[in-house]
There are 2 protein chains.
Amino acid sequence: MSYTYAYPHPAVTTDIVVFTVENNKLRVLLIQRKLDPHQGNWALPGGFLDIDESIDTCAARELKEETGLEDIFLEQLYTFGAPDRDPRERVISIAYYALMPLQGVELKSGSDAADARWFDIDALPKLAFDHDEIIKLARERLTAKMDYSTLGLMFMPQSFTLSEVQSLYEIVSGQERDKRNFRKWLLGLECLIETGEKKSVGAHRPAMLYRLKDPDNLIITK
Amino acid sequence: MSYTYAYPHPAVTTDIVVFTVENNKLRVLLIQRKLDPHQGNWALPGGFLDIDESIDTCAARELKEETGLEDIFLEQLYTFGAPDRDPRERVISIAYYALMPLQGVELKSGSDAADARWFDIDALPKLAFDHDEIIKLARERLTAKMDYSTLGLMFMPQSFTLSEVQSLYEIVSGQERDKRNFRKWLLGLECLIETGEKKSVGAHRPAMLYRLKDPDNLIITK
DNA sequence: TCAAAAGTGTTAAGACTACACCCATGT
DNA sequence: ACATGGGTGTAGTCTTAACACTTTTGA
């Protein structure tokens, strides 16, 4: 089967920058390419748009197929389309970024990926295509949005302590925050509620567990 | 001549939301479609991506071809691609927005447009495709960015008075600003310099004309 | 000399930052 | 009993918001 058009058409793909925080580092998910071009190199998960699926659906589908991840925060980032970014044919890539909760970071290796691994964002391997550029932009967007929104909460599992949130914000932004001020800010947004449960993790006072009031709403505030 | 692929490929277009301010109203440029689908309806300027041009180039080229406008602020907005947004074939539209300086709003009617006109953003006609959705998003981005950046200066001609800038900000955001505070903020960004010239427009004191220190840098500040 | 927009500082309120001690628990 | 992270309030600084009169010009 083949498809014919009166004018040349580019191929369209989505690529997804999946972030998580693990071992006090901001990490990005990469897969090792099984096929040419760039065979053996590391690349962002992603793939070609099906002709009858929406772009968002494509991003979610590719993410699931290649990594097993699903139901995580996923947002369109930017569209990349330099004429020579893929040697096979003209390819337009609609980039997304996603935030993976801290727990349950086990990956099922998907069909198109020889291997999938988390990399420290400051120690990335050589990347296929223009994926270094995509990751750079995604990181800028992530840190910018976390500065004035509760986007960072999308990294959290169902329930979490305030110290865990603070630690996450510190790791992503690279700067420390005052404990009392951070808690004042976060609780002041009124998007969290106490679960009533506490979390005990060592020889010290247990911490209150919180959860999102409304899991779908990112409250944006200064 | 025809082009054949092993898998179906979508068509890729750019569409541009061109803003200006005229008669104390925020306006958007629309063209009347000469061809089906949506023949006779109003639509955003834009068109198909050439197979060997960059996306940015395509947006700038289409803008120039259809409206004669060139060398104005132009930035990628978002990519739209609902499967049924175009009845002809699957079309991915990479939306841009542009800011047209206040003066020189005369348009040369371009080749693909039967007619091009400015519309008050609050009184748009029935639009082709999903262009109403694109305009809505563009407006949100414009107002959000103007709140914390000097993006609004991209609406200004080469030289302008501070009152003109203030008036523009008020029209776009829909809310009045304190004259002294506005001037303090704007001058405090240190992106303007006095030209030395003054502008006399009526029976009152003439205003100092300013221009951008560095026409390429959008200074982003709170 | 009048009308109309340009230009100019100060004060009060609110937001943000810095900072230190007691609490609850496990070992 | 001690070591460890959890939890809490206040005072000082900085930023933002509110506010009114004088200046310069054309008619």
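Chain A is the first sequence line, chain B the second, and so forth, proteins listed ahead of strands; every chain is numbered from 1.
- Remark: A:Arg180 is not in phosphate contact with C:dC19, judged by side-chain N or O atoms under 4.0 Å from OP1 or OP2.
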N/O contacts under 3.5 Å, protein versus nucleotides 10-13 of chain C?
residue, atom, partner, partner atom, Å
C:dT10, O4, B:Lys184, NZ, 3.1

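- Aromatic ring centres of A:Trp118 and A:Phe19 lie farther apart than the 6.0 Å criterion allows.
- The CD atom of B:Glu176 sits 15 Å away from the P atom of D:dA17 (whole-angstrom rounding).
- Taking atom NZ of A:Lys179 as the reference point, atom P of D:dG9 lies 13 Å away to the nearest angstrom.
- Checked against A:Asp122 for a side-chain hydrogen bond (donor to acceptor under 3.5 Å, both in side chains), the options A:Lys25, A:Arg139, A:Arg27 give a single hit: A:Arg139.
- Distance, B:Asp178 CG to C:dA5 P: 17 Å, rounded to whole Å.
- Contact check on A:Arg61 versus A:Glu53 returns a salt bridge, with a Lys/Arg side-chain nitrogen under 4.0 Å from an Asp/Glu carboxylate oxygen.
- Look at CG on A:Leu162: it is 6 Å from P on D:dG7, rounded to the nearest Å.
- Rounded to a whole Å, the CG atom of B:Leu186 is 14 Å from the C1' atom of C:dG7.
- Between the side chains of B:Tyr96 and B:Glu75, no donor-acceptor pair is found at a separation under 3.5 Å.
- A heavy atom closer than 4.0 Å to some atom of DNA chain D occurs in A:Ala203, A:His204, A:Arg205, A:Pro206, A:Ala207, A:Met208, these being the qualifying members of residues 192-209 of chain A.
- Residue-level contact check: B:Ser163 touches the backbone only, with heavy atoms under 4.0 Å from sugar-phosphate atoms and none from bases.
- Between A:Arg211 and A:Glu194 no salt bridge is recorded (no basic side-chain N to carboxylate O distance below 4.0 Å).
- Between A:Tyr210 atom OH and D:dG6 atom C1' there is a gap of 10 Å when expressed in whole angstrom units.
- No salt bridge links A:Glu170 with A:Arg177; every basic N to acidic carboxylate O contact stays at or beyond 4.0 Å.
- A distance below 6.0 Å separates the ring centres of B:Tyr169 and B:Phe182.
- If you measure from atom CD of B:Gln175 to atom C1' of D:dA18, you get 15 Å, rounded to the nearest angstrom.
- Looking at B:Thr20, its side chain does come within 3.5 Å of a backbone N or O of B:Met100 through a donor-acceptor pair.
- A donor-acceptor contact closer than 3.5 angstrom links the side chains of A:Thr79 and B:Thr79.
- If you measure from atom CG of B:Leu187 to atom P of C:dG9, you get 12 Å, rounded to the nearest angstrom.
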